[in-house]
*Asks:* 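Below you will find the structure I want to go over with you.
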There are 2 protein chains.
Amino acid sequence: MKYTYSFPKADVTVDAVVFGLGVEGVLSLLLVRRGRPKEPFFDHWALPGGFIDMDETLEGSLLRELREETGLILPYMEQLGAFGDPGRDPRGRVITIAYLALVPPAAVKGGDDAAEARWFPLQALPPLAFDHAAILEAGLARLRAGLMVSPIARPLLPESFSLGDLQRVYSAILDQPLDKRNFRRRINDLVEPTGERREGKHRPAILYRFR
Amino acid sequence: MKYTYSFPKADVTVDAVVFGLGVEGVLSLLLVRRGRPKEPFFDHWALPGGFIDMDETLEGSLLRELREETGLILPYMEQLGAFGDPGRDPRGRVITIAYLALVPPAAVKGGDDAAEARWFPLQALPPLAFDHAAILEAGLARLRAGLMVSPIARPLLPESFSLGDLQRVYSAILDQPLDKRNFRRRINDLVEPTGERREGKHRPAILYRFR
DNA sequence: ACAAAAGTGTTAAGGCTACACCCATGA
DNA sequence: TCATGGGTGTAGCCTTAACACTTTTGT
């Protein structure tokens, strides 16, 4: 089947900045290796994503692409915006709609088997293909901006967690130390106790969930 | 010239929520009338915009479309995001990248001659084509969110203005009354006096500009 | 008993809101 | 002198940031 138009058309893709918490709670980014020798950035790492289908929503396209490329199901996504400079893709005009997506720890553990998709700690990223570094910046900024004002971290965390866990996550994402007492006051409105406690080596922690 | 692809491609457009201040400082939206009888929403009003060219940035496309459709030059624009639900355009898959744009009062006065482009007070809008009402909402929300924290209103206003002028503008945009003294304190960091005063019927007002 | 993480209060400073009166000018 | 919009200060409240010690548990 051929499709013929009287004007050239741009390609439209969706790409996602997918964050997850890996071992030790390090903030990690999901990347896919570009495996087609003839294509630009062969063997480089890139944000997962791909071309949209004609009858899908943008979000639907992203869900499908991530399932195909990485096996992941995205429980949360929000649009970051469109990146469309001519020249951002050497193959021609490709406009991408970028998303921020967050997945729970279980998804990060499971995703490690595919050789084409890997989690990288944010502090140890390989060079990224295309303008994906700029998209990543936008995603990280969005995540940081939402942390203290909305329960955006919910999809990153397990169902229940201690406030110590939560502070470590926030601290890692913001890349700065946080005062324990002030932190607990600030996120107080975002969480509620589950009634459970976590037994461990030391004093048991009260467990919380996002409201 | 024909362009043939092995997959169907979406069209990409840019659209702008263009705000300006009309007579009496009413917040107004620039709309264009859809004039092609065979096209959807014929005779309806729509956000200005159009198809991108292959070698332009998205912002460049928007500037060109607005020049062509309305004669306006946009001194300020920021991206709102992509709107791409299948079905948002009856003709087929059309993904639009929406922008918020702001123009100075002089542009609002001048733009009134073209029958195809008109300024409408925000309180008296006609029904909008496509999903443009949703895009408008996003634009208005963005403008409101920026008012108190950034000098985003700068491109809406003339070079210099009194604090009374400014308060009326803010009050119109936020659609709520503002306390005079608190308002002046809050925007104090965003403006600086020009050294001029405006003579008028009453006590002359000190004139300010955005920093 | 000790090591390790959990949990908790207070103070000072700055920002926000509500509120009412005097000022400068032209007519 | 009056009408009109321009201009100003303060008190109460809330939020934020800085800061150190006690508690609970397992070993």
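Per chain, numbering begins at 1; letters A, B, ... match sequence-line order.
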*Asks:* Donor-acceptor pair, distance only, cut-off 3.5 Å: does the side chain of A/H132 make one with the backbone of A/A46?
*Replies:*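 Answer holds: no.
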*Asks:* Report the residue (B/N182 or B/G164) whose heavy-atom-nearest nucleotide on DNA chain D is the more 5′ of the two.
*Replies:*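 The answer here is B/G164.
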*Asks:* Do any of residues 194-203 of chain A sit with a heavy atom less than 4.0 Å from DNA chain D, and if so which?
*Replies:*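 Those residues are A/R197, A/G200, A/K201, A/H202, A/R203.
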*Asks:* Rounded to the Å, how far apart are A/F183 CZ and C/dA5 C1'?
*Replies:*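 Those two atoms, CZ and C1', are 15 Å apart.
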*Asks:* For the pair A/F41 and A/F130, name the ring-plane relationship: parallel under 30°, tilted 30 to 60°, perpendicular over 60°.
*Replies:*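 Ring orientation, 0 to 90° scale: tilted.
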*Asks:* Starting at atom CZ of B/R181, determine the distance to atom C1' of D/dG6, rounded to an integer number of angstrom.
*Replies:*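 From B/R181 CZ to D/dG6 C1': 13 Å.
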*Asks:* Testing the 3.5 Å rule here: is there a donor-acceptor pair between the side chains of A/N188 and A/R185?
*Replies:*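 Result is no, nothing qualifies.
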*Asks:* Kindly give the heavy-atom pair with the smallest separation between B/A129 and B/R34, and that separation in Å.
*Replies:*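 Shortest heavy-atom separation between B/A129 and B/R34 comes out as CB-CD, 3.9 Å.
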*Asks:* Using the side-chain heavy atoms of B/P204, tell me which of these nucleotides is nearest: C/dG7, D/dT8, C/dT25.
*Replies:*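 So the side chain of B/P204 is nearest to C/dT25.
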*Asks:* Nearest to the side chain of B/R185, heavy atoms from C-beta on, is which of C/dA6, C/dA18, D/dG6?
*Replies:*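 Nearest listed nucleotide: C/dA18.
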*Asks:* Can you identify which nucleotide, out of D/dA17, C/dT17, C/dT8, has its nearest atom closest to the B/R186 side chain?
*Replies:*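 The closest nucleotide is C/dT17.
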*Asks:* I need the CG-C1' distance between A/N188 and D/dT15, as an integer number of Å.
*Replies:*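 About 14 Å, once rounded to whole Å.
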